[in-house]
Amino acid sequence: MKTIYLDHVATNPLHPEVLEAMLPYFRELYGNPLSIYEPGLKAREAIEKARESTAALINAKPKEIIFTASGAEANNFALKGIAYANQNKGKHIIVSKIEHHSVLNTARFLEKSGFAVTYLPVDKYGLINPEDVEKALTKETILISIIHASPEIGAIEPIVEISRIAKQKGLILHTDAVASVGNIPVDVQALGVDLLSFTAHQFYGPKGAAALYVREGGRIVPLIYGGIQEGGRRAGTENVPAIVGMGKAAELAKRDLQKRMDRVKVLRDKLITNALKTEKVLLTGPPEKRLPGHASFVVEYIEGEAMLLLLAAKGIYSASGSACSSKALKASPVLISIGIPAHLAQGSVVFTLGEETTEEDINYFNETFPQIISRLRGISPYAKGWEGMEGSSCTVQK
Amino acid sequence: MSAAEVVTKLQSDKQLMFLDQPLAADATTDIIYMMCPMHLLTIEDQIKDLDGGQILSILTDYDGALEDIPDWCKKTGNEFMGIFEDEDHYKFFIRKRKPSG
């Protein structure tokens with residue numbers, strides 16, 4: 001059976017050129033980059049080359065890139081590192097309600113350590129109103145961290161407008177750009193951010209390599225102490241093959257970005273137009289200001305998980321949103337934040353397209369998806385309506 | 001040994017020179033929150049770019065630097081000019097030695 005991968009926001013396959021670039025560093029070029037003999041020097045050289053192309057992808061300087069092992073690590077590092085480095089100036093942080101858990105839970109951890117956190121609301125499309133950022137400022141505010149693009153609803157946030165406010169008040173601005181780098185142009189100068197997290201596997205690089213951009217001159221308390229790697233800011237022997245892969249993937253993403261965006265956007269629009277023809281299917285997130293390969297819906301009267309299973313049985317791989325909804329049987333906080341009631345949030349599905357997605361794939365999907373909805377609604381106890389469910393809370397009622 | 005004890009010892013050894021005012025530096029490197037051995041590696045790295053006689057300033061909050069930086073200067077023949085104690089960090093000043101001959 002042919003399989004169609006529509007979960008590119010979860011991860012991506014390695015680009016063949018990326019794999020080729022990585023292989024020598026698993027084999028003969030295995031040296032520790034700190035060693036002063038030939039294999040070590042070669043590994044060091046490869047890391048610095050990767051740093052250059054990784055920086056170029058976001059229009060940063062190579063010395064502004066700190067490699068980490070994941071986007072979650074980069075987000076933890078940004079929030080904790082900036083909070084602790086600036087706590088003498090104030091102890092208030094602003095984040096949004098639709099941040100990834102690596103930001104939200106770090107913010108909660110900082111609350112337990114004596115910081116105050118404001119969780120900003122979003123509108124029905126998941127977009128932040130920059131005026132709300134301004135209103136949330138206090139004389140204690142030191143850091144604003146707002147996600148660049150939501151992996152769950154595709155919304156692209158107004159970071160440029162928020163950065164104007166941050167600059168005016170002399171505050172530090174971090175953005176979690178894990179879902180956006182490699183999918184849309186991301187330029188740290190144009191965005192005006194001081195820190196930015198991104199990860200290689202979102203743009204056909206390997207898992208295990210990510211980075212935190214820290215604007216030159218910015219002070220940050222390390223998350224991991226113990227060595228001189230990454231200028232003493234992130235200790236630990238480098239994952240050389242993965243970093244090399246990130247560098248190669250960044251080079252390819254910079255070269256092919258426009259082509260990738262143009263292609264997936266046409267297919268994505270075709271998918272959305274078709275899905276919305278089915279009754280009681282709602283697009284989540286903004287119709288325009290969204291990631292080009294991203295389509296997300298809530299389908300009334302049925303569960304996201306059931307749709308995923310039947311789609312998988314037809315060879316289509318997709319997701320139901322956040323780990324909250326798919327693993328913890330809780331309504332997604334992102335969907336709740338945009339005003340989707342808990343009973344509707346259970347019917348969440350997310351389809352994300354990538355480089356290998358073809359028109360034929362989308363045609364097959366467009367035929368299959370309505371059939372699956374119809375089949376599930378045929379057996380759903382709620383198919384005749386949501387009687388008694390409208391007031392339900394975040395946790396699923398059984 | 002605590003930072004205060006190190007300061008007392010080094011002052012009695014006349015190794016530590018605290019300044020009332022920071023000096024004008026030709027280059028400044030901020031390594032606040034970085035730990036050993038970043039202070040020494042950074043000096044080695046940064047001083048290469050200076051001409052003999054120029055002054056490098058290092059900003060650090062690492063207490064070990066109180067002992068290590070004057071020592072490093074003694075070993076390498078660079079002139080340790082003193083420390084300015086700022087609110088939450090130290091500013092070290094080093095004059096690069098002029099090439100001999």
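Remember, predicted model here, so these are calculated numbers, not experimental data. Excluded from the calculations below are hydrogen atoms, water molecules and symmetry mates; all remaining heavy atoms, backbone and side chain alike, are included. In what follows, chains carry the letters A, B, and so on, assigned in the order in which the sequence lines appear, proteins first and then strands, with residues in each chain numbered from 1.
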Point to revise | Minimum-distance pair of heavy atoms, taken over all atoms of I220(A) and M34(B) | key: O-CE, 3.9 Å
Check your understanding: What are the two closest heavy atoms between Y33(B) and Y84(A), and how far apart are they?
Key ->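 Nearest pair, atom of Y33(B) first, then Y84(A): OH-O, 4.1 Å.
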Check your understanding: What part of A235(A) is in contact with chain B, defined as an atom under 4.5 angstrom from a non-hydrogen atom: side chain, backbone, both or neither?
Key -> neither
Other residues, nucleotides and ligands only: do more than 12 of their heavy atoms fall within 6.0 Å of [atom1] on [X]?
| X | atom1 | value |
| --- | --- | --- |
| K42(A) | NZ | no |
| K207(A) | NZ | yes |
| K63(A) | NZ | no |

Review point. Got a second to check how far L40(B)'s CG is from I228(A)'s CD1, nearest 0.5 Å?
Key: 11.0 Å
Exercise for review: To the nearest 0.5 Å, tell me how far R219(A) CZ sits from D88(B) CG.
Suggested key: 6.5 Å
